[in-house]
Enquirer: 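Handing you this structure, nothing more for now.
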Amino acid sequence: MTLDDLRVFVAVCRAGSLSAVARELDCTQSAVSQHVKRLERETGVGLLERQPRGVVPTQAGRVLEAAAAEGIAGLDLALRRLRELVEGESGSVRVATGATTVRHFMSDAVVAFRQQHPDVSLEFRTESSSRACFDALADSSLDLAWITLGAPVRGIEQRPVMELPWVLAVRAEDPLAGRAHVDAADLSDLRLIRLPPNSTSAAHLDAACAELGVRFAFDTSVADWDTALLLAELGLGRAVVPALPGLDVPGTQGDLRLVPLPSLRPLSVGWAVRRWDALSPSARAFADTVTESCRTAVPHD
């Protein structure tokens with residue numbers, strides 16, 4: 001078997017389609033199939049199972065996929081690290097983030113890092129969720145991902161940077177706007193703007209509410225925290241969101257009011273990497289710069 005065989009096999013498992021990988025690699029479906037068949041001859045077991053819509057790995061295929069993906073990612077990272085050791089401080093730092101991460105958590109750090117490391121380029125890849133960030137780390141040459149911390153993920157190290165308390169975002173004339181704080185139980189009968197349903201932050205909020213025996217009702221769903229804040233400011237609903245760095249809590253943001261929810265367990269955010277000790281000096285410096293910037297810009301309480 002060859003490294004190319006393994007790369008193609010992992011790509012097929014991820015895509016669930018031989019033809020999709022063929023299009024991505026600009027080759028024939030037969031060529032993709034030959035890579036898989038070579039692996040099956042070497043291992044002596046079937047690795048893919050055909051289904052009406054594409055293919056899925058067999059049990060043996062899942063074992064090989066997990067090992068191959070981890071090994072390829074580690075090898076790619078090592079080769080990048082070797083190149084950067086030769087090139088010194090030049091090179092790049094590749095970061096996976098959510099749609100609004102740079103604005104809320106990294107804006108000052110990006111400026112500071114650019115001033116300190118003018119020869120290092122920064123590349124940001126936007127992902128829709130922490131789960132997508134984990135997948136991007138495992139499948140590519142990304143160095144870092146900014147995530148909402150959750151359950152352990154095989155092959156990924158998570159490091160917390162800061163905790164975000166929860167707040168209730170309402171329009172200024174809302175009856176709850178003048179409260180010094182609100183208990184989560186007081187929101188049980190209210191309909192709220194829902195955070196992205198499949199996001200780690202929504203799962204964390206659900207778990208924090210379950211600890212208190214509270215269940216929220218929802219009538220609107222959004223794709224990110226900023227949209228939830230905007231809808232609340234427009235008077236289109238109330239939202240329970242994390243208090244982002246730089247916001248005054250409790251406080252006034254235009255027509256928006258942010259009321260603390262101290263009874264809810266805070267949300268933890270931070271870095272995810274494949275291996276901290278394998279980060280390049282530039283990637284480590286960027287992570288440290290963002291961490292320091294976040295810890296000096298915590299929401300006011």
Side-chain angles (χ1 to χ4, degrees), residues 1-84 91-99 121 123-147 150-157 196-200 223 272-275 278 280 283:
M1 68 182 70
T2 67
L3 186 58
D4 281 344
D5 292 336
L6 293 170
R7 288 185 187 277
V8 171
F9 175 67
V10 170
V12 170
C13 292
R14 295 282 193 261
S17 167
L18 295 170
S19 59
V21 174
R23 288 192 297 271
E24 182 180 342
L25 298 179
D26 194 23
C27 66
T28 65
Q29 183 171 326
S30 176
V32 172
S33 181
Q34 287 304 313
H35 285 287
V36 177
K37 289 179 179 177
R38 187 156 44 236
L39 291 174
E40 290 180 327
R41 287 196 300 270
E42 288 285 335
T43 60
V45 294
L47 299 174
L48 291 178
E49 178 182 339
R50 292 189 176 275
Q51 295 193 335
R53 295 184 178 181
V55 296
V56 296
T58 62
Q59 182 177 0
R62 289 194 295 272
V63 171
L64 182 60
E65 177 199 1
E70 187 172 345
I72 290 168
L75 180 59
D76 287 343
L77 188 62
L79 292 174
R80 273 198 63 208
R81 179 73 184 276
L82 290 175
R83 286 195 297 269
E84 290 174 353
S92 63
V93 177
R94 299 179 175 93
V95 186
T97 69
S121 66
E123 300 178 19
F124 294 98
R125 173 170 164 178
T126 301
E127 299 292 347
S128 59
S129 65
S130 293
R131 178 69 261 178
C133 285
F134 293 143
D135 291 341
L137 274 176
D139 294 345
S140 69
S141 58
L142 289 170
D143 299 294
L144 300 153
W146 183 264
I147 61 161
V153 177
R154 184 176 182 272
I156 300 292
E157 297 180 27
N198 296 324
S199 67
T200 306
V273 301
R274 287 185 293 270
R275 285 179 52 192
S280 69

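None of the values given here were measured: they were computed from a predicted structure. For this chain, numbers begin at 1 and follow the sequence in order.
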Enquirer: Provide the closest heavy-atom pair for Ala145 versus Leu137 in the form atom of the first, atom of the second, distance.
Expert: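 So the two residues come closest at CB-CD1, 3.8 Å.
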
Enquirer: Are the charged groups of Glu123 and Arg125 less than 4.0 angstrom apart, N to O?
Expert: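 So Glu123 does not pair with Arg125 through a salt bridge.
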
Enquirer: Please give me the minimum heavy-atom distance between Ala272 and Phe134, naming the atom from each residue.
Expert: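 Here Ala272 and Phe134 meet closest at CB-CE2, 3.8 Å.
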
Enquirer: So, the side chain of Asp143 versus the backbone of Arg94: is there a donor-acceptor pair under 3.5 Å, distance only?
Expert: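 Yes, Asp143 side chain to Arg94 backbone: donor-acceptor pair under 3.5 Å.
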
Enquirer: Do Glu40 side-chain atoms and Leu47 backbone N/O form a donor-acceptor pair below 3.5 Å?
Expert: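 Here the side-chain-to-backbone pair exists.
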
Enquirer: What's the shortest heavy-atom distance between Val21 and Ala15, and which atoms?
Expert: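 Distance-wise, the nearest heavy atoms are CG2-CB, 4.0 Å.
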
Enquirer: For the pair Thr200 (side chain) and Gly150 (backbone), establish whether a donor and an acceptor sit closer than 3.5 Å, ignoring hydrogens and angles.
Expert: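 Side chain of Thr200 to backbone of Gly150, a donor-acceptor pair under 3.5 Å: no, none is there.
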
Enquirer: For the CZ atom of Arg275 and the CD1 atom of Ile156, what is their distance to the nearest 0.5 Å?
Expert: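 If I round to the nearest 0.5 Å, the distance is 12.5 Å.
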
Enquirer: Within the supplied structure, the quantity of interest is the number of heavy atoms (other residues, nucleotides, ligands) at a distance under 6.0 Å from Gln59 CD; does it exceed 12?
Expert: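 No, not enclosed.
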
Enquirer: Give me the atom names and distance for the closest heavy-atom approach of Leu48 to Cys13.
Expert: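 That closest heavy-atom pairing would be CD2-SG, 4.3 Å.
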
Enquirer: Which atom pair, heavy atoms only, marks the closest approach of Ala136 to Leu142?
Expert: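 Taking Ala136 first and Leu142 second, the nearest heavy atoms are CB-CD1, 3.4 Å.
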
Enquirer: Which atom pairs, donor and acceptor, lie under 3.5 Å between side-chain atoms of residues 26-37 and protein residues at least two apart or in another chain?
Expert:
from: Thr28; atom 1: OG1; to: Ala31; atom 2: N; distance (Å): 3.0
from: His35; atom 1: ND1; to: Asp5; atom 2: OD1; distance (Å): 2.6

Enquirer: Assess the residue pair Asp4 and Arg38 against the criterion (side-chain contact (heavy atoms from CB on, under 4.5 Å)); give the C-alpha distance rounded to whole Å, side-chain angles, the decisive distance to 0.1 Å, and a yes or no.
Expert: CA-CA 11 Å; Asp4 281 344; Arg38 187 156 44 236; over 6 Å; no

Enquirer: Could you pull out the closest heavy-atom pair between Ala60 and Val45, with the gap in Å?
Expert: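 So the two residues come closest at CB-CG2, 3.8 Å.
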
Enquirer: Measuring from Ser17:OG to Arg23:CZ, what's the distance to the nearest 0.5 Å?
Expert: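 Reported to 0.5 Å precision, the distance equals 6.0 Å.
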
Enquirer: How far does CG of Leu6 sit from CD of Glu65, to the nearest 0.5 angstrom?
Expert: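 Spacing of CG (Leu6) from CD (Glu65) equals 11.5 Å.
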
Enquirer: Taking the side chain as every heavy atom from C-beta outward, state whether Glu127 and Ile147 have any atom pair closer than 4.5 Å.
Expert: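 No, every pair of side-chain atoms sits at 4.5 Å or beyond.
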
